[in-house]
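Taking it in order: structure first as structure tokens, then the write-up.
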Amino acid sequence: MLRLSLRMFGLVWVTVYWWVRPMVKWLLRRTTGLCELQRVCYGEQRGAQRTQGVGRTPEIQKCMKYIDGKCQERTLNQELIYYVVFAIVKIKKINTQAHKGFSDVLGQCLTQIWGFRQLSAEVEAKRREMYDPANPQHEEKLKALWELMMPDTQLEARVTKQWQMIGFQGDDPQTDFRGMGVLGLENLLFFAEHHTSAARHVLARSLHPTWGYSFAIVGINITHLAYSLLQSGAAKTHFYNASKRFLELRAFHQFYCHLFFSFDEMWRQEKPKDIMEFSRIRDKFEAQVKLKLKNPLAFFKCNFVLENV
Ligand SMILES: *[C@@H]1O[C@H](CO)[C@@H](O)[C@H](O)[C@H]1NC(C)=O
Ligand SMILES: CC(=O)N[C@H]1CO[C@H](CO)[C@@H](O)[C@@H]1O
């Protein structure tokens, strides 16, 4: 009996879904003169909310399948987006004279959606690229990191215990990059290069006799956090609000800098007894960031206010 009614319910639901949904859409189209995509484009404020709404419409879901391949190849560009917008306008017979802003809004949303996907693919490629001491570019970056963080101290050798002064584990940073590849190095280098005083400030705080931690090791762990927030899609709100244009790797580095700096703040507030508390504080920090990212207005800025060391 129960089974039967469940079946009936299923049947009714399917019927409702297949018959009523198009009817509602048709009715809305008739009464408002707009298709679903247009309603989303006009109904929401610019930013994450609108872009996420557009991403959920069936039209865009269909396009995704094709474009996703391009994201993986990392060959997506603005021109392709214009073609897609043009095609949608034609297929949906949208009168661009009457709806002048539509193409622009749709173009902006698609730029953000696919920009985010392409950024994810790019970050993934960096993570897979292993640190290689035979690669002069990798070695250059590592050297630059030292020079920016320790301007007054000469590095005596490529392999030396000196690396521990900026928080690597042993005498060769290569081993510490294993988990996150070149992405870990590039994140640290960007922080040191573009937010030099903030990075040096965090390093100084990490050397505190009571509340210290390993700067580079924790930095690489924050790379892991930033990476997983990107890949899970949790960070979409921030990235959709971060740029109207196509996202570049730089946007990921900025996101990272914000996270590392805020982690250091939380670490100090928690006043941990020792490094054994790392996992607990890291989990607490992650939960807090995830909560902030649930807000469609989320946008993490890099305005660093340097407190006491
Ligand atoms: C970062 O720390 C967490 C918690 O201690 C750990 O589970 C994770 O594997 C670490 N990631 C990296 C890349 O070190
Ligand atoms: C680029 C972009 O769309 N930024 C928006 C992010 O969200 C805020 C708050 O809704 C908007 O004011 C921005 O314009």
Side-chain angles (χ1 to χ4, degrees), residues 119-133 135 138-139 141-142 145-146 149 159 161-193 195 198-199 202-203 205-208 210-235 238-239 249-293 300:
L119 179 67
S120 306
E122 224 160 302
V123 165
E124 178 63 32
K126 285 278 178 202
R127 189 190 67 90
R128 281 168 187 265
E129 187 180 339
M130 285 294 107
Y131 187 91
D132 179 6
N135 183 329
H138 293 178
E139 290 284 289
K141 283 177 184 160
L142 189 57
L145 176 65
W146 176 270
M149 296 309 296
V159 175
K161 287 257 179 293
Q162 277 181 306
W163 287 113
Q164 292 171 7
M165 292 163 79
I166 57 169
F168 285 102
Q169 241 157 10
D171 52 13
D172 186 353
Q174 185 195 346
T175 48
D176 296 323
F177 290 128
R178 243 180 243 145
M180 288 287 116
V182 171
L183 186 64
L185 172 59
E186 290 194 2
N187 270 168
L188 282 169
L189 181 58
F190 186 93
F191 192 29
E193 204 174 331
H195 302 285
V202 172
L203 174 63
R205 272 158 71 103
S206 81
L207 298 171
H208 191 280
T210 336
W211 304 304
Y213 56 85
S214 300
F215 175 80
I217 295 293
V218 168
I220 292 169
N221 199 281
I222 300 294
T223 294
H224 188 188
L225 177 61
Y227 166 81
S228 53
L229 291 170
L230 183 79
Q231 300 301 347
S232 71
H238 162 78
F239 285 103
L249 205 52
R250 183 187 170 80
F252 180 74
H253 292 317
Q254 292 280 25
F255 179 58
Y256 167 83
C257 294
H258 174 93
L259 291 183
F260 196 178
F261 194 84
S262 329
F263 176 81
D264 173 74
E265 282 182 330
M266 179 185 257
W267 179 268
R268 188 55 74 84
Q269 276 161 17
E270 292 285 319
K271 299 209 184 322
K273 278 198 288 296
D274 55 37
I275 197 72
M276 297 309 282
E277 291 199 67
F278 178 74
S279 279
R280 176 184 69 79
I281 296 174
R282 186 196 186 271
D283 288 350
K284 186 173 172 183
F285 180 67
E286 182 171 357
Q288 194 190 68
V289 170
K290 280 185 172 159
L291 193 67
K292 282 191 190 155
L293 287 170
F300 294 167

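Each ligand, and each atom within it, is numbered from 1 in the order the structure gives. No experiment lies behind these values; they were computed from the predicted model shown. Keep in mind that the numbers below use all heavy atoms, side chains included, and drop hydrogens, waters and symmetry copies.
Counting non-hydrogen atoms of other residues, nucleotides and ligands closer than 6.0 Å to NZ of Lys273 gives a total of 12 or fewer.
Qualifying side-chain contact (heavy atoms from CB on, under 4.5 Å) partners for Ser206, counting only residues two or more places apart in sequence or in other chains: Leu203, Tyr213, Phe215. Here Tyr256 pairs with nothing under the side chain to side chain donor-acceptor pair (under 3.5 Å) rule; sequence neighbours left out.
For residues 172-189, the side-chain hydrogen bond (donor to acceptor under 3.5 Å, both in side chains) pairs, not counting sequence neighbours, are Lys126-Glu186, Lys141-Glu186, Arg158-Asp172, Asn187-Thr223, Asn187-His253.
Side-chain contact between Leu229 and Leu259 is present, with heavy atoms from C-beta onward closer than 4.5 Å.
Aromatic ring pairs are classed by plane angle as parallel below 30°, tilted from 30° to 60° and perpendicular above 60°; the pair His208 and Trp211 is parallel.
Listed as neighbours of ligand 1 are Asn221, His224, Phe278, Ser279, Arg282, each bearing a heavy atom under 4.0 Å from the ligand.
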